[in-house]
Amino acid sequence: QVQLVESGGGLVQAGGSLRLSCAPSRSILNINTITWYRQAPGKQRELVAGITFGGDTNYLDSVKGRFTISRDNAKKTAYLQMNSLKPEDTAVYYCNADWMLTYDQAMGAKEVFDIWGQGTQVTVSS
């Protein structure tokens with residue numbers, strides 16, 4: 001079963017930057033809207049930023065002007081550039097795709113919905 005794989009997390013000082021990536025675990029045919037979520041300890045998961053196939057974006061108010069979501073449709077990959085990081089940005093960051101079109105020789109083309117990654121830890125020290 002195809003999944004999403006996040007990378008790029010780590011430990012950074014306040015004011016620093018990180019770039020997260022989100023890519024399928026294997027080759028796929030297509031992917032639709034990709035969304036980044038985060039979940040801090042003891043808090044609910046929240047939407048951070050999303051991008052449609054056509055490039056329309058939306059952001060959590062608290063990250064506007066600091067975070068930028070982008071995608072490379074040829075690579076089926078999305079990115080989250082995070083600048084001016086704050087300690088309150090500390091969380092596990094997850095990516096989600098609402099739809100993928102996968103293919104394998106046995107089953108042919110197959111639609112997959114609501115796909116998640118395992119998450120990547122972002123820690124911002126003060």
Side-chain angles (χ1 to χ4, degrees):
Q1 180 78 346
V2 66
Q3 292 184 325
L4 292 170
V5 179
E6 302 96 338
S7 60
L11 173 63
V12 64
Q13 287 189 329
S17 298
L18 286 172
R19 188 190 192 215
L20 306 183
S21 297
C22 169
S25 56
R26 62 173 176 85
S27 179
I28 62 169
L29 296 178
N30 211 345
I31 187 168
N32 196 31
T33 297
I34 302 172
T35 305
W36 285 97
Y37 292 81
R38 67 186 182 188
Q39 187 166 21
K43 294 188 177 181
Q44 289 192 327
R45 189 173 295 189
E46 63 181 354
L47 188 153
V48 176
I51 186 166
T52 66
F53 182 84
D56 292 330
T57 60
N58 65 291
Y59 294 93
L60 179 69
D61 282 347
S62 63
V63 308
K64 286 179 180 177
R66 300 189 298 122
F67 291 10
T68 302
I69 190 171
S70 61
R71 65 188 290 160
D72 182 330
N73 286 335
K75 295 181 178 179
K76 314 296 190 293
T77 297
Y79 307 95
L80 185 66
Q81 178 67 43
M82 305 186 295
N83 299 329
S84 302
L85 282 161
K86 304 175 180 180
E88 51 263 43
D89 295 319
T90 295
V92 178
Y93 284 69
Y94 301 89
C95 66
N96 171 274
D98 64 349
W99 176 88
M100 278 188 193
L101 187 63
T102 66
Y103 181 85
D104 63 63
Q105 285 191 319
M107 300 297 293
K110 179 183 176 183
E111 293 182 296
V112 187
F113 301 92
D114 194 26
I115 308 97
W116 288 89
Q118 299 290 336
T120 186
Q121 176 70 46
V122 171
T123 303
V124 185
S125 62
S126 57

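Here the structure is a predicted model, which is why all the values come from computation and not from measurement. Heads up: numbering here begins at 1 and tracks the sequence. Any value given below was found using the heavy atoms of this structure, including those in side chains, with hydrogens, waters and symmetry copies removed.
In the hydrophobic cluster analysis, where Ile, Leu, Val, Met, Phe, Trp and Tyr join through side-chain heavy atoms closer than 4.5 angstrom, Phe113 is grouped together with Leu29. Hydrophobic clustering (side-chain heavy atoms under 4.5 Å, transitive across Ile, Leu, Val, Met, Phe, Trp, Tyr) keeps Val92 apart from Leu20. At a threshold of 4.5 Å between side-chain heavy atoms, the hydrophobic network of Ile, Leu, Val, Met, Phe, Trp and Tyr places Val63 and Val122 in one connected group. Cluster membership check: Val5 does not share its hydrophobic cluster with Tyr79, using side-chain heavy-atom separations under 4.5 Å among Ile, Leu, Val, Met, Phe, Trp and Tyr. Under a hydrophobic clustering in which Ile, Leu, Val, Met, Phe, Trp and Tyr are joined whenever their side-chain heavy atoms come within less than 4.5 Å, directly or via other members, Leu18 and Phe67 fall into the same cluster.
In this structure, Tyr59 contributes its side chain and Arg66 its backbone to no donor-acceptor pair below 3.5 Å. Side chain of Thr90 to main chain of Val124: a donor-acceptor pair is present (N/O by atom type, distance under 3.5 Å, no hydrogens or angles).
Around atom CD of Gln118, no more than 12 heavy atoms belonging to other residues, nucleotides or ligands sit under 6.0 Å away.
Residues Trp99 and Asn30 meet the side-chain proximity criterion, which asks for heavy atoms closer than 4.5 Å. Here the side chains of Arg71 and Ile69 are not in contact, with every heavy-atom distance at 4.5 Å or above. In this structure, Asp104 and Thr102 have side chains that are not in contact, with every pair of non-hydrogen atoms separated by 4.5 Å or more. Between Asn58 and Leu47, the closest side-chain pair of non-hydrogen atoms falls below 4.5 Å. Inter-residue side-chain proximity for Leu4 and Ile34 is flagged as unmet; no heavy-atom pair is nearer than 4.5 Å. When side chains are defined from C-beta on, Val112 does not count as touching Ile28, because their heavy atoms never get closer than 4.5 Å.
The minimum heavy-atom distance between Ala91 and Ala40, with the atom names listed, is CB-N, 3.8 Å. Considering all non-hydrogen atoms of both residues, Leu101 and Ala109 come closest at CD1-CB, 4.3 Å. Taking all atoms of both residues into account, the shortest heavy-atom contact from Ser17 to Gln81 is CB-NE2, 4.0 Å.
With respect to Asp89 and Lys86, no salt bridge is recorded, no charged nitrogen being found less than 4.0 Å from a carboxylate O.
Just one of Tyr94, Tyr93, Trp36 meets the side chain to side chain contact (heavy atoms under 4.5 Å, CB included) condition when paired with Cys22; it is Trp36.
Applying the salt bridge (charged side-chain N to carboxylate O under 4.0 Å, His left out) test to every pair with at least one member in residues 45-58, sequence neighbours left out, gives these pairs: Arg38-Glu46. For residues 3-31, the set of pairs meeting the salt bridge (charged side-chain N to carboxylate O under 4.0 Å, His left out) definition, not counting sequence neighbours, is empty. Sorted pairs that involve residues 107-123 and meet salt bridge (charged side-chain N to carboxylate O under 4.0 Å, His left out), not counting sequence neighbours, are lacking altogether.
For the atom pair NZ of Lys64 and OG1 of Thr57, the computed distance is 9.5 Å after rounding to the nearest 0.5 Å. Here Asn32 contributes atom CG and Thr52 contributes atom OG1; the two are 7.5 Å apart, rounded to the nearest 0.5 Å.
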